[in-house]
Amino acid sequence: MSTVLVLNGPNLGRLGSREPDVYGSANLADLQELLVASAREGVSIDLRQTDDEAELIHWLYEAVDERMPVILNPAAFTHYSYALRDAAALVTKAGLMLIEVHISNPHARETFRHTSVVSAIATGVIAGLGFDSYRLALDFVTAP
Ligand code: DQA
């Protein structure tokens, strides 16, 4: 059984009630259900959310140590956290996949969201497709 870490940054714990016009009305439990239902046989989903930058960084260390691919929605950390970027770089430098995902399309929103400090070290980026951003990332990182 291989495990994919699905890591979510600040305020994503409020999905469902947070700006439904932008993020939709489904919550993280719905995302978990979607990913489990669409995972390939033998793939388990470890979905986590934190508002704490240090915790997110430590989960990326865990991905390196346990050799797990990562689907990462860094949320607002996307736009300014060099500490998170450096930890995410450890994952891809270790030869593991890390896909940066976003529910909304940050490029179609406020200017400060147009910059991602994570994208340059990510394996790839999927944005603007709602929860399908995660589903497509899962399909990619677990492709045979
Ligand atoms: C987000 C986009 C970010 O700009 C924002 O800060 C989030 C969510 C997304 O999934 O669309 O919290 O990462």
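Start at 1 and go down the list; that is how both ligands and their atoms are numbered.
Shown here are the ring pair (Phe, Tyr, Trp, His ring centres under 6.0 Å) partners of His114, two or more places apart in sequence or in another chain: there are none.
Of the N and O atoms on the side chains of Arg135 and Ser38, not one donor lies less than 3.5 Å from an acceptor on the other residue.
Follow the hydrophobic side-chain contacts under 4.5 Å out from Ile45 and you never reach Leu60; the two are in separate clusters. Using a 4.5 Å cut-off between side-chain heavy atoms of Ile, Leu, Val, Met, Phe, Trp and Tyr, with links allowed through other members, Met97 and Leu90 fall into different hydrophobic clusters.
From Asn11, atom CG reaches atom CG of Asn73 across 11.0 Å, with rounding to the nearest 0.5 Å.
A salt bridge between Glu62 and Arg48 is present, with a side-chain N of the basic residue lying under 4.0 Å from a carboxylate O of the acidic one.
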Anything under 3.5 Å between an N or O on ligand 1 and a protein N or O? List each pair with its distance, or write none.
from: ligand 1; atom 1: 4 (O); to: His79; atom 2: NE2; distance (Å): 2.7
from: ligand 1; atom 1: 4 (O); to: Arg113; atom 2: NH1; distance (Å): 2.9
from: ligand 1; atom 1: 6 (O); to: Ala76; atom 2: N; distance (Å): 3.2
from: ligand 1; atom 1: 6 (O); to: Arg113; atom 2: NH1; distance (Å): 3.1
from: ligand 1; atom 1: 10 (O); to: Asn73; atom 2: ND2; distance (Å): 2.8
from: ligand 1; atom 1: 10 (O); to: Ile103; atom 2: N; distance (Å): 2.7
from: ligand 1; atom 1: 11 (O); to: Ile103; atom 2: N; distance (Å): 3.3
from: ligand 1; atom 1: 11 (O); to: Ser104; atom 2: N; distance (Å): 2.8
from: ligand 1; atom 1: 11 (O); to: Ser104; atom 2: OG; distance (Å): 2.6
from: ligand 1; atom 1: 12 (O); to: Arg18; atom 2: NH1; distance (Å): 3.1
from: ligand 1; atom 1: 12 (O); to: Arg18; atom 2: NH2; distance (Å): 3.1
from: ligand 1; atom 1: 13 (O); to: Asn73; atom 2: OD1; distance (Å): 2.8
from: ligand 1; atom 1: 13 (O); to: His102; atom 2: ND1; distance (Å): 2.8

